[in-house]
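One structure is given here, and the rest of the page talks about it.
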2 protein chains.
Amino acid sequence: MTDKKKQILAVALELFANDGFNGTSTSKIAKEAGVSEGLIFRHFEHKNGLLNALVQQAVERIRLLIEPILIETDPKKVIQKSIDLPFALPESEYPFWKLQFKLKWENDYEQDKMRPFIEKLTWAFSNLGYIQARKEAEVLNHIIESISIGILREGRKSQEGLKEFILRKYLK
Amino acid sequence: MTDKKKQILAVALELFANDGFNGTSTSKIAKEAGVSEGLIFRHFEHKNGLLNALVQQAVERIRLLIEPILIETDPKKVIQKSIDLPFALPESEYPFWKLQFKLKWENDYEQDKMRPFIEKLTWAFSNLGYIQARKEAEVLNHIIESISIGILREGRKSQEGLKEFILRKYLK
DNA sequence: GTCTATACTGCGATAGAC
DNA sequence: GTCTATCGCAGTATAGAC
């Protein structure tokens with residue numbers, strides 16, 4: 001992957017996240033990336049190719065993000081790390097995750113990338129003696145998702161107070 | 001409001017929810033609504049006027065939706081009705097709420113329409129003896145938001161099992 | 001640079017309500 | 001006879017994909 005290609009993707013990501021796919025023109029991407037518009041089509045064929053590449057990246061990034069949780073063997077740590085997840089996102093990656101959350105509303109977006117994460121949470125709750133471990137996991141996953149959305153939309157600070165509160169709720 | 005005007009709004013809602021604002025052309029709206037394109041502009045001035053009208057409707061619908069909760073005087077019923085909220089949405093209104101959730105990602109969308117709802121939840125938890133009533137309310141609000149999203153994306157059934165579970169969690 | 005899509009305008013015409 | 005809601009369609013200007 002050449003530098004210019006990376007640069008195009010980075011700019012496309014930022015613009016798609018802010019203005020939406022249809023709200024972003026290829027010419028604007030080219031200008032902001034400091035490349036000719038033609039180069040975009042050389043690398044990605046059509047505008048949609050840009051989006052596809054970005055979605056592909058998402059699969060890998062999600063995997064990396066939840067991997068430390070999946071290999072954790074202490075159930076309490078699983079839960080603690082899970083709650084920490086949205087707060088640990090580097091701010092530089094906010095546009096990336098913003099785009100993913102927006103894309104979830106598109107009909108052809110493959111859902112369920114978080115399935116193994118929920119399984120692991122279920123395992124953790126089960127291990128801690130919760131009867132309805134699966135539901136407990138789903139609820140916590142809901143909380144984490146919604147907090148993530150809050151952070152991406154209004155910044156980490158808007159949610160920070162909740163972290164300790166939830167940790168205590170689950171790990172007392 | 002004439003029938004055709006209503007029809008235009010209904011179609012615009014559906015298309016905006018599915019294909020996004022920028023992804024929907026006024027000519028397509030006109031065709032699907034069975035009206036001339038000119039009529040759209042006669043009634044709404046510009047394409048954005050359509051969106052404004054839809055957002056205006058949202059304010060009112062949200063008010064109607066949470067009103068029964070706001071006037072409730074029994075704290076347990078407040079919580080019970082709140083949890084029931086996303087499950088009680090008529091399926092015919094799903095596109096409407098879908099659009100609202102999508103719009104939340106736009107920069108100029110006025111957030112915080114749910115503020116009074118959170119206040120009421122806080123009041124309820126406070127009344128039930130919870131120490132950190134405010135945080136408790138925020139967490140439940142997160143759960144309800146995320147469940148709503150799940151229902152809008154994957155249907156009511158995908159979340160139904162959680163309802164009883166959460167009710168019991170909070171009202172036992 | 002080319003070509004298409006799209007927001008928006010303008011206007012003549014019709015049919016029904018009062 | 002006027003007013004209002006509508007149609008149908010020609011036309012302009014611009015943006016945007018390629």
Side-chain angles (χ1 to χ4, degrees), chain A residues 1-58 95-96 98-100 102-103 105-109, chain B residues 1-58 95-96 98-100 102-103 105-109:
Chain A
M1 179 112 67
T2 77
D3 275 6
K4 299 247 175 184
K5 192 171 175 186
K6 272 189 230 160
Q7 173 67 3
I8 291 170
L9 272 181
V11 169
L13 166 61
E14 191 111 2
L15 293 179
F16 288 168
N18 278 328
D19 310 330
F21 180 73
N22 283 310
T24 303
S25 68
T26 50
S27 67
K28 191 172 177 194
I29 294 172
K31 198 178 293 176
E32 299 231 344
V35 302
S36 71
E37 202 178 345
L39 193 62
I40 293 177
F41 294 96
R42 179 159 304 252
H43 282 311
F44 300 97
E45 200 166 359
H46 30 245
K47 191 185 173 190
N48 236 302
L50 275 172
L51 195 55
N52 296 339
L54 255 10
V55 171
Q56 254 329 93
Q57 288 192 351
F96 180 82
K98 228 165 131 177
L99 180 59
Q100 300 308 320
K102 278 174 109 162
L103 286 175
W105 288 103
E106 305 313 317
N107 300 318
D108 55 344
Y109 188 77
Chain B
M1 179 110 68
T2 77
D3 275 7
K4 300 254 174 183
K5 193 172 175 187
K6 271 190 230 158
Q7 173 67 3
I8 290 170
L9 271 182
V11 170
L13 166 61
E14 192 110 1
L15 293 179
F16 287 168
N18 279 328
D19 309 331
F21 179 74
N22 284 312
T24 304
S25 68
T26 51
S27 69
K28 193 171 177 197
I29 295 171
K31 199 177 292 174
E32 298 232 345
V35 302
S36 68
E37 198 178 348
L39 192 63
I40 293 177
F41 295 97
R42 179 153 302 242
H43 281 313
F44 300 97
E45 202 165 357
H46 30 244
K47 192 185 173 189
N48 235 301
L50 275 172
L51 195 56
N52 296 339
L54 255 10
V55 170
Q56 252 329 92
Q57 288 192 352
F96 180 83
K98 228 165 130 176
L99 178 59
Q100 299 308 319
K102 276 175 106 161
L103 286 176
W105 288 102
E106 306 311 320
N107 300 319
D108 55 342
Y109 188 78

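Chain identifiers are assigned alphabetically (A, B, ...) following the order of the sequence lines, protein sequences preceding nucleic acid strands; residue numbering begins at 1 within each chain. Note that this is a predicted model, so its numbers are computed, not measured.
The nearest whole Å value for the distance from the CG atom in B:Leu50 to the C1' atom in C:dA7 is 12 Å. In this structure, the CD atom of B:Glu37 is 13 Å from the C1' atom of D:dC7, given to the nearest Å. As rounded to whole Å, 14 Å separates atom P of D:dG8 from atom CD1 of B:Ile40. In this structure, CZ of B:Phe41 is placed 13 Å from C1' of D:dT12, rounded to the nearest angstrom. Taking atom CD of residue B:Glu45 and atom C1' of nucleotide C:dC8, one finds them 11 Å apart after rounding to whole Å. Atom P of nucleotide D:dC9 and atom CG of B:Leu39 are separated by 16 Å, given to the nearest angstrom. Computed from coordinates, the B:Arg42 CZ to D:dC3 C1' distance equals 12 Å when rounded to whole Å. When rounded to the nearest whole Å, the span between CZ of A:Phe44 and P of D:dA17 equals 15 Å.
Between A:Lys47 and D:dA17 there is a side-chain polar atom (N or O) within less than 4.0 angstrom of OP1 or OP2. Between C:dA5 and B:Ser27, no contact under 4.0 Å exists linking OP1 or OP2 to a side-chain N or O. Contact annotation: B:Lys4 side-chain N/O to D:dC7 OP1/OP2 distance is under 4.0 Å.
When the nucleotides D:dC18, D:dT6, C:dC8 are ranked by their closest atom to the side chain of B:His46, C:dC8 comes out on top. Among D:dA17, D:dC7, D:dA5, the nucleotide with an atom closest to any side-chain atom of B:Ser36 is D:dC7. You'll find that the side chain of B:Thr26 is closest to C:dA7, out of D:dT6, C:dC8, C:dA7.
Between B:Glu106 and B:Phe21 the shortest side-chain heavy-atom distance does not fall below 4.5 Å. Counting heavy atoms from C-beta outward, B:Asn22 and A:Asp19 have side chains that stay 4.5 Å or more apart.
Sorted by first and then second residue, the pairs that involve residues 36-46 of chain B and meet side-chain hydrogen bond (donor to acceptor under 3.5 Å, both in side chains), not counting sequence neighbours, are B:Thr26-B:Glu37.
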Between B:Lys47 and B:Ile40, is the side-chain contact (heavy atoms from CB on, under 4.5 Å) condition met? List the steps.
CA-CA 8 Å; B:Lys47 192 185 173 189; B:Ile40 293 177; over 6 Å; no
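Side-chain atoms of B:Lys4 do not come within 3.5 Å of backbone N or O of B:Leu39 as any donor-acceptor pair.
B:Phe44 carries B:Lys5 over the face of its six-membered ring, with the cationic atom under 6.0 Å from the centre and within 45° of the normal.
Heavy atoms of other residues, nucleotides or ligands lying less than 6.0 angstrom from CD of A:Glu14 number 12 at most.
For DNA chain C, the residues of residues 5-25 of chain B within the heavy-atom distance limit of 4.0 Å (strictly under) are B:Thr24, B:Ser25, sorted by number.
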